[in-house]
Amino acid sequence: IRGSSFSGAGISLNGLSPQNAQTEHFNAELPIIAGVLSTPEILTGVDQVLVTEGHLVGTASFSIMPIDTGRSLTFGIAEDEGYWLSTLIQESRPFANGAGISGFGVFGAHTQANSVDSQDNDVRSSRGGGQFQIATDESQWDVVVAHQQKAFGARGYYGVTPTWDAEEETEDTLVVGSWLRGDLHGSYLRASVMWREQSDDYTLYWTLPGVYNNAHRTVTQSAVLAGRELLGDSFLLDWRASGQSERIRSSALGDHDRTRGGLTLVPGMQL
């Protein structure tokens, strides 16, 4: 995964692969802060196909963590007047009958760095959102809503000569809902749905008359139902049914729509 190109690896969130149909440059980007997510499990080969759509080389698979009451603020500074900070506030309440908990959280983050790889290639990124969760001994329900805005200098990007100034602005809105029963490393059943809207506005200040501008808007809807059944002491069956709809509206690439679905059955034996 470390040695692959941007198109070879990606991420997974609760069994969904939030890819970008316009450009795989954004395959490894989420508007959710790290404090909401588990430590990623690195998957390659058949292992990634069992829990997500998978990528050519490998997948960093994330899950939404159980909510626990607390507050956190993390921050750091870097060279060239760069800094970053994030905050997470979570509250959980037990049910009256003691059968589980309900919880909610809000989060936000901001990152800024100057002259990242060129004198005027600065970057500024802000994101925020909220989450709601119901967890019992047997299952976990999650809803997360998040939004990110980012602007960065793009001089020399995408194969364009670095003698021309360029800038890019992106927006990303993500809504994810999921239900999990059981243990992902044992027998489980999981359903997840996702709606995501991304916009990408690229401007190039070339020496030709006028300014070159690309404006893209991508909307993705995904759903997956997956599970693992243990058949006796040695045999198991991983199964997965998924569907996805993608829509691009672009000033330069044109308008495109794609709908796809898949069914995966992977029998196995434990020795």
Side-chain angles (χ1 to χ4, degrees), residues 1-2 4 6 8-20 24-44 47-48 51-55 57-79 82-92 101 103-113 116 123-135 140-152 170-178 180 184-185 190 192-198 220 222:
I1 289 181
R2 287 186 187 276
S4 76
F6 63 85
I11 60 178
S12 167
L13 177 61
N14 280 22
L16 296 165
S17 294
Q19 303 178 34
N20 184 288
E24 293 165 312
H25 282 94
F26 302 136
N27 265 4
E29 192 158 304
L30 280 178
I32 305 173
I33 69 169
V36 176
L37 306 174
S38 66
T39 300
E41 185 177 5
I42 306 304
L43 305 172
T44 59
D47 289 339
Q48 63 176 334
V51 298
T52 185
E53 295 296 327
H55 297 84
V57 177
T59 301
S61 178
F62 293 90
S63 296
I64 298 173
M65 290 283 288
I67 290 180
D68 193 11
T69 298
R71 286 109 173 91
S72 69
L73 174 66
T74 59
F75 60 90
I77 58 175
E79 298 177 356
Y83 69 91
W84 57 269
L85 59 88
S86 66
T87 182
L88 173 63
I89 301 173
Q90 292 181 323
E91 290 283 348
S92 62
I101 64 168
F104 67 91
V106 292
F107 55 86
H110 181 76
T111 300
Q112 180 170 321
V116 175
V123 59
R124 288 168 178 79
S125 175
S126 299
R127 70 186 76 128
Q131 61 175 148
F132 177 74
Q133 183 180 96
I134 295 177
Q140 178 174 315
W141 297 80
D142 284 286
V143 176
V144 176
V145 180
H147 180 75
Q148 175 178 274
Q149 292 182 308
K150 183 166 69 171
F152 56 95
T170 66
E171 287 195 41
D172 187 353
T173 302
L174 177 68
V175 180
V176 176
S178 67
L180 172 66
L184 289 175
H185 297 284
R190 177 163 66 182
S192 298
V193 294
M194 179 188 73
W195 178 88
R196 191 178 195 184
E197 180 176 355
Q198 296 164 292
T220 306
S222 303

Between the CG atom in Asp172 and the CD atom in Glu197, the distance rounded to the nearest 0.5 Å is 9.5 Å

_Side chain to side chain, Pro31 and Arg196, heavy atoms closer than 4.5 Å_ = yes

Closest non-hydrogen contact found for Ser12 with Thr52 is OG-OG1, 3.1 Å

Closest non-hydrogen atoms of Leu88 and Gly35, given as atom of the first, atom of the second and distance, are CD2-O, 3.7 Å

If only side-chain N and O atoms count, and only distance matters, is there a donor-acceptor pair under 3.5 Å linking Thr111 with Ser125? no

Requested in this report: State, yes or no, whether a side-chain contact exists between Val145 and Phe132 at a heavy-atom distance under 4.5 Å.
Outcome: no

Scanning both residues in full, the closest heavy-atom pair of Gln148 with Glu29 reads NE2-OE2, 2.8 Å

Rounded to the nearest 0.5 Å, the CZ atom of Phe104 sits from the CD atom of Gln90 at a distance of 10.0 Å

**OP:** Kindly indicate, with the supporting measurements, whether the criterion side-chain contact (heavy atoms from CB on, under 4.5 Å) is fulfilled by Leu180 and Asp142.
**Re:** CA-CA 9 Å; Leu180 172 66; Asp142 284 286; over 6 Å; no

Flag side-chain contact, heavy atom, 4.5 Å: Val144 against Ile32 | yes

Return yes when atom CG of Leu73 has more than 12 non-hydrogen atoms of other residues, nucleotides or ligands closer than 6.0 Å, and no otherwise.
yes

(message) For the CZ atom on Arg2, are there more than 12 heavy atoms of other groups (residues, nucleotides or ligands in this structure) within a distance under 6.0 Å?
(response) no

Closest non-hydrogen atoms of Met194 and Leu16, given as atom of the first, atom of the second and distance, are CB-CD1, 3.5 Å

One should read off an interatomic distance between His110 NE2 and Arg127 CZ, to the nearest 0.5 angstrom, of 10.5 Å

Minimal heavy-atom distance between Ile101 and Ile67, with the atoms involved, is CD1-O, 3.8 Å

For Ala146 and Phe107, the nearest pair of non-hydrogen atoms, with its separation, is CB-CZ, 3.9 Å

Does some side-chain heavy atom of Leu30 sit less than 4.5 Å from a side-chain heavy atom of Pro18?
yes

Value for CH2 (Trp195) from OG (Ser222), rounded to nearest 0.5 Å, stands at 12.5 Å

Rounding to 0.5 Å, atoms CD (Gln19) and OG1 (Thr220) come to a distance of 9.0 Å

Show every donor-acceptor pair shorter than 3.5 Å between a side-chain atom in residues 58-65 and any protein atom, with sequence neighbours excluded, or say none if there are none.
unit_1	atom_1	unit_2	atom_2	d
Thr59	OG1	Gln48	OE1	2.4
Thr59	OG1	His55	ND1	3.0

dist Asn14:CG -> Gln140:CD (nearest 0.5 Å) comes out at 8.0 Å

